[in-house]
There are 2 protein chains.
Amino acid sequence: MENQQRSSDRLYQDVARQLLDELAAGRYPVGSRLPAERDLALRFNVSRPTVREAIIALEVQGLVEVRIGSGAYVLRRPGEGDAPGFNVSAFELTEARLLFEGEAAALAAAQATDEDLAEIEGLVRQIAAENLDPNGTERADRAFHLAIARATRNSAIYNAIEELWNLRSTSPEAALLHEKARHANVKPVVEEHSAVLEALRARDPAAARAAMRAHLSAVLETLLFATEEKALEEARRATQAKRDRYGRATA
Amino acid sequence: MENQQRSSDRLYQDVARQLLDELAAGRYPVGSRLPAERDLALRFNVSRPTVREAIIALEVQGLVEVRIGSGAYVLRRPGEGDAPGFNVSAFELTEARLLFEGEAAALAAAQATDEDLAEIEGLVRQIAAENLDPNGTERADRAFHLAIARATRNSAIYNAIEELWNLRSTSPEAALLHEKARHANVKPVVEEHSAVLEALRARDPAAARAAMRAHLSAVLETLLFATEEKALEEARRATQAKRDRYGRATA
DNA sequence: TTTTATAAATTGGCTTTACCAAAAGGACCC
DNA sequence: GGGTCCTTTTGGTAAAGCCAATTTATAAAA
């Protein structure tokens, strides 16, 4: 029996995450068989249905293939051969959002109707409510950003940004990191969202861009801190230069 | 109780598939709640764990969100985000590219390797060659823009921009308009592409952004002129304000 | 009447037990 | 060696039960 280090609302996610880590670490090579459900249940100290749920989560992601009466076999290592766009890290995703949503906010500042602004204001309040709830979701956060994208009145922009948000839940790596960030109690800060709203209200594209970039820069920071030490070092090397650039690009 | 029409090795896949169909059909709109697990178990004539497995399969795909003690809520319709908008106009598309590719160029200016620059330089020459050929394609043009996107070293950004280019051929309206623009003998101007390349060579993000925006503003203009008179008027009204904004936002 | 507590019902989370069916492994016979 | 049959292992699924979070209904209080 092993510890259940991380804790989550849903047990199967913990198990799936640990298996994912082991797959990524190469503990179970491609083609090899995972331990039997019953054994995994013992090892993780959970019931067999929970193990089944975790394995199904891996199966849906195309990581393993389950053969009746035989076992669950590794198809690929996480991150390899993913569908296009599957293999984006949380850093890449947030960097892309930083650039794209910054521009979207600027455009929205000149396009948003009073109805848009009212909707966004309501979502800021919902984000505040979500923040108070320790088990709160990020639904209002997503809705906030998509509402701004919609306010551009450009469906191509909206689709692109929505796709980035979808990747966040689709990409195993990104989902993993965001999950960790959430558990580290780093939640969307209301002030940052409010700043964006105020800039939109003022119809100030430059301010809206700056506020949105500042918000997503902060998100990028939380992602860095949510990363474990070894991964952190590598990531920091890779993103340090980028963070510098944001300063310049924002100016 | 309903039939179990399809048969599969794994029962949860049947249930997930049926739920997926119902989501696609709009039976459960975005934001609404799925029936309780116990009810679904009755309806599909399976056990509750099987229903749980099916819902987890949807959850992993980012289709629903499960809230403890409340239910499973629809996040999006399947296909949304997977294959974004058919209904995008050439103007929206180009506006999105103006914003996104401008930022990508700025990022690429600080990221591009000498190999990237060499490749891009070669593509500029190919674009020049395409311009001379009356039957030439736009392949080099596309490759030029994607090479810059790739030089950002951010796959999320690359995927988003590539998707915009794909929409150009997917969206009937956009394809039609671009076709007209081509026949009007308005082809990508080499000088504009060269300006982008020079800014990249100078590692100047602001200049790269400006050059890319200038290029795509010009494309937007050619689209306007390629439009028939009546459509033109309407489009001009709708985009005049936007063109003004670009000037401000670029500064 | 409105608001606020409180209790009951609903809903997902997870475990345990049990049995079936497919696959794999091994013993035995030819 | 090569089959054949039986046993073991492994996943597939069902059923029942209890817990915890949430929601809703209800009643009390302001």
Side-chain angles (χ1 to χ4, degrees), chain A residues 1-19 28 31-60 63-75 126 129-130 132-137 139-140 179 182-183, chain B residues 1-19 28 31-60 63-75:
Chain A
M1 150 183 170
E2 292 187 1
N3 322 6
Q4 293 157 234
Q5 321 152 358
R6 314 175 182 84
S7 76
S8 154
D9 283 351
R10 322 199 68 202
L11 238 196
Y12 89 84
Q13 293 178 340
D14 288 345
V15 177
R17 194 159 45 202
Q18 296 191 46
L19 289 175
Y28 305 118
S32 70
R33 209 203 64 180
L34 259 53
E37 290 179 355
R38 292 169 175 82
D39 295 337
L40 288 175
L42 279 177
R43 190 149 83 78
F44 291 122
N45 198 29
V46 299
S47 68
R48 187 151 83 97
T50 298
V51 171
R52 282 180 58 78
E53 293 176 346
I55 291 179
I56 284 172
L58 299 180
E59 186 183 25
V60 172
L63 289 168
V64 302
E65 170 201 21
V66 177
R67 301 182 210 159
I68 301 178
S70 179
Y73 294 81
V74 180
L75 289 180
Q126 285 187 37
E130 278 182 353
L132 298 179
D133 182 356
N135 286 342
T137 66
R139 202 168 348 126
E179 181 76 6
R182 276 185 54 74
H183 285 159
Chain B
M1 149 183 170
E2 292 189 1
N3 325 8
Q4 294 160 231
Q5 320 152 357
R6 313 173 182 82
S7 74
S8 152
D9 282 351
R10 320 199 71 200
L11 196 46
Y12 89 85
Q13 294 177 340
D14 289 346
V15 177
R17 169 110 189 251
Q18 295 191 46
L19 288 175
Y28 306 117
S32 69
R33 209 204 65 181
L34 260 53
E37 290 178 354
R38 293 169 174 84
D39 295 337
L40 288 174
L42 279 177
R43 190 150 81 79
F44 292 123
N45 198 29
V46 299
S47 68
R48 188 151 83 99
T50 298
V51 172
R52 282 179 58 79
E53 292 175 346
I55 290 179
I56 284 172
L58 299 180
E59 186 183 25
V60 173
L63 290 168
V64 303
E65 170 202 22
V66 177
R67 299 183 220 162
I68 301 179
S70 180
Y73 293 80
V74 180
L75 288 182

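Every chain is numbered from 1 and lettered A, B, ... according to where its sequence line falls, protein lines coming before strand lines.
- Interatomic distance, A/Ile55 CD1 to A/Glu65 CD, rounded to the nearest 0.5 Å: 13.0 Å.
- Between the P atom of C/dT16 and the CG atom of A/Leu11 lies a distance of 12 Å, rounded to the nearest Å.
- The separation between B/Tyr12 atom OH and D/dA14 atom C1' is 18 Å, rounded to whole Å.
- Neither OP1 nor OP2 of D/dG12 sits under 4.0 Å from any side-chain N or O of B/Thr50.
- Ion pairing of A/Arg17 with A/Asp14 is present here, as a side-chain N (NZ or NE/NH1/NH2) and a carboxylate O approach within less than 4.0 Å.
- The salt bridge (Lys or Arg N to Asp or Glu O under 4.0 Å) search around A/Glu59 returns B/Arg10, not counting sequence neighbours.
- Distance CG/B/Asp39 to CG/B/Leu34: 11.0 Å, rounded to 0.5 Å.
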Between the protein and nucleotides 6-11 of chain D, which nitrogen or oxygen pairs are less than 3.5 angstrom apart?
residue: D/dG11; atom: OP2; partner: A/Glu37; partner atom: N; Å: 3.0
residue: D/dG11; atom: O4'; partner: A/Gly69; partner atom: N; Å: 3.3
residue: D/dG11; atom: N7; partner: A/Arg38; partner atom: NH1; Å: 2.9
residue: D/dG11; atom: O6; partner: A/Arg38; partner atom: NH2; Å: 3.1

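- Counting to the nearest Å, the P atom of C/dC14 and the CD1 atom of A/Ile56 are 14 Å from each other.
- Here CD of A/Gln13 is found 9.5 Å from CG of A/Leu11. Values are rounded to the nearest 0.5 Å.
- Residue B/Arg52 holds its CZ atom at 14.5 Å from OH of B/Tyr12, rounded to the nearest 0.5 Å.
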